[in-house]
Amino acid sequence: MPDVVFSVDQAKSMRDQAVPGHNRWHPDIPPAVSVRPGQSIRVECREWTDNQIGNNDSANDVRDVDLTRAHMLSGPIHVEGAEPGDLLVVDILDLGPVPQEVGEAPGQGWGYTGIFAKANGGGFLTDTFPDAYKAIWDFSGQKATSRHIPGVEFTGITHPGLFGTAPSAELLARWNNRERALIATDPDRVPPLALPPLEESTLGGTATGDTLAAIARDGARTVPARENGGNHDIKNFTRGSRVFYPVHVPGALFSGGDLHFSQGDGEITFCGAIEMGGFIDFHVDLIKGGMETYGVTTNPILMPGNVEPRYSEFVTFIGIGVDHTTDTQLYNDATVAYRNACLNAVEYLKKFGYSGEQAYLLLGAAPIEGRVSGVVDIPNACCSLYLPTAIFDFDIRPSASGPVTTDRGSCAVSS
């Protein structure tokens, strides 16, 4: 049994834990615990919004979620002997929902996928789906089903959305400067281009006084991935994976959370995975001077585990870098190409009786494969989305007889 180094009571908010976690990146957040290289550890996690989302049939909670509180990170974990320039070697041994618990918190037998409202976070297809919606998923072993998206069952690739090391003061300043410069190019955009430091709702672990004030003033929000790792949302970052994180501060100060039961490539609804609290077991080690030795100057290196569901047949949707609403040609735009592949999949699933919102939620949560298929054939980048056929209890393959349309119910909507 790994040593439990960060424990969570799922009946309490992260702020009220015996040792609270944090929701900003900053080098001065005090370590919650110290571990040694070669140690196997267990980290318990809250769901990323601190359990603001309920197991119900309304999406009002998704619509009204307070994003200033997210993400809830467990840690920081100080690794003895870690110095700037090292690589922190992290092996995922195991992870999952809250063990042997059924209750009101995500991860206690259930999780959720949310489409965030355009005015509060948005998502990849937010111009097409600007309002809030939700699907609740029930867990049975490794499989998930939803009363809000009937006719579907799939095996999840359980993984953490977010783990990383603390930034140095210099790196943190670089993040804040460049993201503020981006915001300045369109300061009134909805949703915003980036999220700058925000003192409201800051959680700084056990920090107090002037230290906590500095964390609130300058701490980076946790939404994007950055040089320290952070919110990668890589679905194959699962059991058996090994990650090499750059170390920017003494002790590395390793933190994270945002556990997912399953997710499609891109996590396209913004809250596109099946979100949950739970546990994750790591083995930690160091490569001294590894950043220079291996040329790791910006982002971590990942060796994915080989644990994933065995889906062998797919219906694949293709998108190209064209704005079809205005018939405007773009140059090698892979973002627009993948967006078009997603929209093509949504339109296809609507022919079988799903609403657009149900289809969108499904593509965020199910283990779809998203690929950049071509970026050299100017002017059109080409992306593709692989949808496993076996996750449906009916045949979704094209045929001469046409699709069988059935009433598929409704996802949770906001009033």
Side-chain angles (χ1 to χ4, degrees), residues 2-10 12-37 39-50 69-82 84 86-95 107 159-168 171-172 201-208 211-212 215-216 219-223 225-232 237 243-260 277-286 300:
D3 301 315
V4 180
V5 299
F6 194 96
S7 60
V8 163
D9 181 344
Q10 295 293 341
K12 297 179 179 179
S13 72
M14 183 61 91
R15 191 176 295 275
D16 295 330
Q17 300 295 321
V19 178
H22 60 102
N23 61 3
R24 302 290 190 268
W25 289 119
H26 195 284
D28 294 336
I29 298 173
V33 66
S34 184
V35 303
R36 62 188 182 279
Q39 190 171 352
S40 294
I41 61 175
R42 172 165 291 190
V43 177
E44 296 176 351
C45 302
R46 288 278 281 176
E47 177 267 333
W48 75 287
T49 72
D50 208 18
R69 293 166 55 184
H71 292 81
M72 289 295 129
L73 305 188
S74 297
I77 298 167
H78 177 277
V79 181
E80 295 176 7
D86 295 344
L87 288 176
L88 177 65
V89 185
V90 174
D91 291 291
I92 297 183
L93 307 177
D94 197 9
L95 75 160
H159 62 280
L162 193 165
F163 266 89
T165 53
S168 65
L171 181 58
L172 176 62
S201 302
T202 293
L203 182 58
T206 57
T208 59
T211 301
L212 180 58
I215 293 167
R221 307 282 290 279
T222 59
V223 170
R226 297 188 183 92
E227 287 90 335
N228 68 325
N231 198 21
H232 282 135
F237 181 12
V243 191
F244 303 84
Y245 287 100
V247 174
H248 300 286
V249 298
L253 300 185
F254 181 60
S255 304
D258 188 28
L259 302 187
H260 299 162
F279 76 96
I280 183 165
D281 295 343
F282 296 112
H283 180 274
V284 295
D285 215 331
L286 292 171

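All of these numbers come straight from a predicted model, not from anything done at the bench.
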*Asks:* Looking only at non-hydrogen atoms, find the nearest pair between C45 and V8 and report the distance.
*Replies:*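 Minimum heavy-atom separation between C45 and V8: N-CG2, 4.1 Å.
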
*Asks:* Could you tell me whether the side chain of H71 and the main chain of L73 form a donor-acceptor pair under 3.5 Å?
*Replies:*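 Pair absent, no side-chain N/O of H71 close to backbone of L73.
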
*Asks:* Just how far is it from atom CD of E227 to atom CG of L171, taken to the nearest 0.5 Å?
*Replies:*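 It comes to 5.0 Å.
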
*Asks:* If the condition is salt bridge (charged side-chain N to carboxylate O under 4.0 Å, His left out), which residues does R221 pass it with, not counting sequence neighbours?
*Replies:*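 Not a single residue meets the salt bridge (charged side-chain N to carboxylate O under 4.0 Å, His left out) criterion with R221.
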
*Asks:* Applying side-chain contact (heavy atoms from CB on, under 4.5 Å), run through R46 and Q10 and close with a yes or a no.
*Replies:* CA-CA 7 Å; R46 288 278 281 176; Q10 295 293 341; 3.7 Å; yes

*Asks:* I need the minimum non-hydrogen distance between G230 and W25, along with the two atoms involved.
*Replies:*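 Heavy-atom minimum between the residues: CA-CZ2, 4.1 Å.
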
*Asks:* Grab the two heavy atoms, one from I41 and one from P2, that are nearest each other, plus how far apart they are.
*Replies:*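 Scanning both residues, the minimum pair turns out to be C-CB, 3.6 Å.
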
*Asks:* Please name the pair of heavy atoms, one in A166 and one in P27, separated by the smallest distance, quoted to 0.1 Å.
*Replies:*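 Looking at all heavy atoms of both residues, the closest pair is CB-CA, 4.4 Å.
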
*Asks:* Has the side chain of S74 got a donor or acceptor atom that lies under 3.5 Å from a matching backbone atom of E44?
*Replies:*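 Flag set: sc S74 to bb E44 pair under 3.5 Å.
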
*Asks:* What heavy-atom pair brings P20 and L203 nearest, and what distance separates the two atoms?
*Replies:*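 Taking P20 first and L203 second, the nearest heavy atoms are CB-CD1, 4.4 Å.
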
*Asks:* To the nearest 0.5 angstrom, please state how far the CD1 atom of I92 sits from the CZ atom of F282.
*Replies:*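 If I round to the nearest 0.5 Å, the distance is 5.5 Å.
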
*Asks:* Using a 3.5 Å distance criterion without hydrogens, assess whether the side chain of Q17 forms a donor-acceptor pair with backbone atoms of D9.
*Replies:*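 Yes: the side chain of Q17 pairs with the backbone of D9.
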
*Asks:* Check whether E47 reaches the backbone of T49 with its side chain - one donor and one acceptor, N or O, closer than 3.5 Å.
*Replies:*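 Between the backbone of T49 and the side chain of E47 there is a qualifying donor-acceptor contact (under 3.5 Å).
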
*Asks:* When you look at L253 and H78, which way does the side-chain contact (heavy atoms from CB on, under 4.5 Å) test go after all the steps?
*Replies:* CA-CA 5 Å; L253 300 185; H78 177 277; 4.3 Å; yes

*Asks:* To the nearest 0.5 Å, how far apart are CG in D285 and CG in D86?
*Replies:*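 Atom-to-atom, D285:CG and D86:CG are 11.0 Å apart.
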
*Asks:* Work out which heavy atom in P160 is nearest to a heavy atom in I280; give both atom names and the distance.
*Replies:*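 Result for this residue pair: CG-CD1, 3.7 Å.
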
*Asks:* For the residue pair F237 and Y245, categorise the inter-ring angle as parallel (less than 30°), tilted (30 to 60°) or perpendicular (more than 60°).
*Replies:*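 Plane angle between 30° and 60°, so tilted.
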
*Asks:* side-chain hydrogen bond (donor to acceptor under 3.5 Å, both in side chains), that's the test. Do S168 and H248 meet it? Break it down for me.
*Replies:* CA-CA 5 Å; S168 65; H248 300 286; 5.2 Å; no

*Asks:* What is the distance from atom CZ of R24 to atom CG of L212, rounded to the nearest 0.5 Å?
*Replies:*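 Rounded to the nearest 0.5 Å, the CZ-CG separation comes out at 10.5 Å.
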
*Asks:* Using side-chain heavy atoms (C-beta onward) and a distance below 4.5 Å, is V90 in contact with F254?
*Replies:*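 Counting from C-beta outward, V90 and F254 do come under 4.5 Å.
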
*Asks:* Can you tell me how far the CG atom of N231 sits from the CZ atom of R226, to the nearest 0.5 Å?
*Replies:*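 N231 atom CG to R226 atom CZ measures 9.5 Å (nearest 0.5 Å).
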
*Asks:* What's the separation between atom CG in N23 and atom CD1 in I29, rounded to the nearest 0.5 Å?
*Replies:*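 Going from CG on N23 over to CD1 on I29, the span is 8.0 Å.
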
*Asks:* Take F279 and V43 through the side-chain contact (heavy atoms from CB on, under 4.5 Å) test and state the conclusion after the steps.
*Replies:* CA-CA 6 Å; F279 76 96; V43 177; over 6 Å; no

*Asks:* Can any side-chain N or O of R36 pair as donor or acceptor with the backbone N or O of V79 at less than 3.5 Å?
*Replies:*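 Not confirmed, R36 side chain does not pair with V79 backbone.
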
*Asks:* Is a side-chain N or O of N228 found less than 3.5 angstrom from the main chain of T165, in a donor-acceptor match?
*Replies:*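 Indeed, once roles are kept as given, a pair shorter than 3.5 Å links the two residues.
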
